[in-house]
Amino acid sequence: MFKLIAIALIGFGIYIGINYTDEINSVIESDGFEQVQEKIADLIDNKDEIIEKIEEIKG
């Protein structure tokens with residue numbers, strides 16, 4: 001039963017990917033999405049500083 005649900009969800013995902021490829025690409029290439037990616041990259045780069053500040057607040 002669970003296998004059928006998993007196969008149906010995968011099939012639905014493929015269907016969405018095929019039919020809405022242009023819309024997905026336009027969202028990914030938008031300026032807002034690029035800004036979010038840059039902010040996430042900055043957070044990943046500064047994760048050690050963030051962890052130190054959290055530990056400082058805890059202690």
Side-chain angles (χ1 to χ4, degrees):
M1 180 67 182
F2 292 114
K3 291 180 183 179
L4 293 175
I5 294 172
I7 291 172
L9 289 174
I10 291 171
F12 186 65
I14 292 171
Y15 170 79
I16 290 174
I18 290 172
N19 288 326
Y20 298 103
T21 302
D22 295 332
E23 288 85 357
I24 293 169
N25 286 335
S26 68
V27 169
I28 290 175
E29 294 172 356
S30 68
D31 291 336
F33 195 77
E34 289 179 12
Q35 289 175 352
V36 170
Q37 286 178 327
E38 289 173 5
K39 298 256 185 204
I40 291 173
D42 290 342
L43 286 175
I44 291 172
D45 292 340
N46 297 330
K47 69 180 178 184
D48 294 331
E49 293 175 18
I50 294 170
I51 291 172
E52 288 176 6
K53 288 180 183 179
I54 291 172
E55 289 177 358
E56 196 175 289
I57 292 171
K58 284 182 181 179

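This one's a predicted model, so the numbers in the text were calculated from it and none came from an experiment.
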Checking Glu55 against Ile51 for the side chain to side chain contact (heavy atoms under 4.5 Å, CB included) test, could you report, in this order, the C-alpha distance in whole Å, the side-chain angles of both residues, the deciding distance, and whether it holds?
CA-CA 6 Å; Glu55 289 177 358; Ile51 291 172; 3.6 Å; yes
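Considering CD of Glu52 and CD of Glu49, their distance stands at 7.0 Å, rounded to 0.5 Å.
Nearest heavy atom pair, residue Glu29 against residue Glu34, reads O-OE2, 3.5 Å. Contact detail for Ile16 and Ile24: the closest heavy-atom pair is O-CD1, 4.5 Å.
If you chain together hydrophobic residues whose side chains sit under 4.5 Å apart, Phe12 and Leu4 never meet in one group.
Sorted by first and then second residue, the side chain to side chain donor-acceptor pair (under 3.5 Å) pairs involving residues 8-25 (not counting sequence neighbours) are Tyr15-Asn19.
Contact annotation: the side chain of Lys58 approaches that of Ile54 to within less than 4.5 Å [non-hydrogen atoms, C-beta and beyond].
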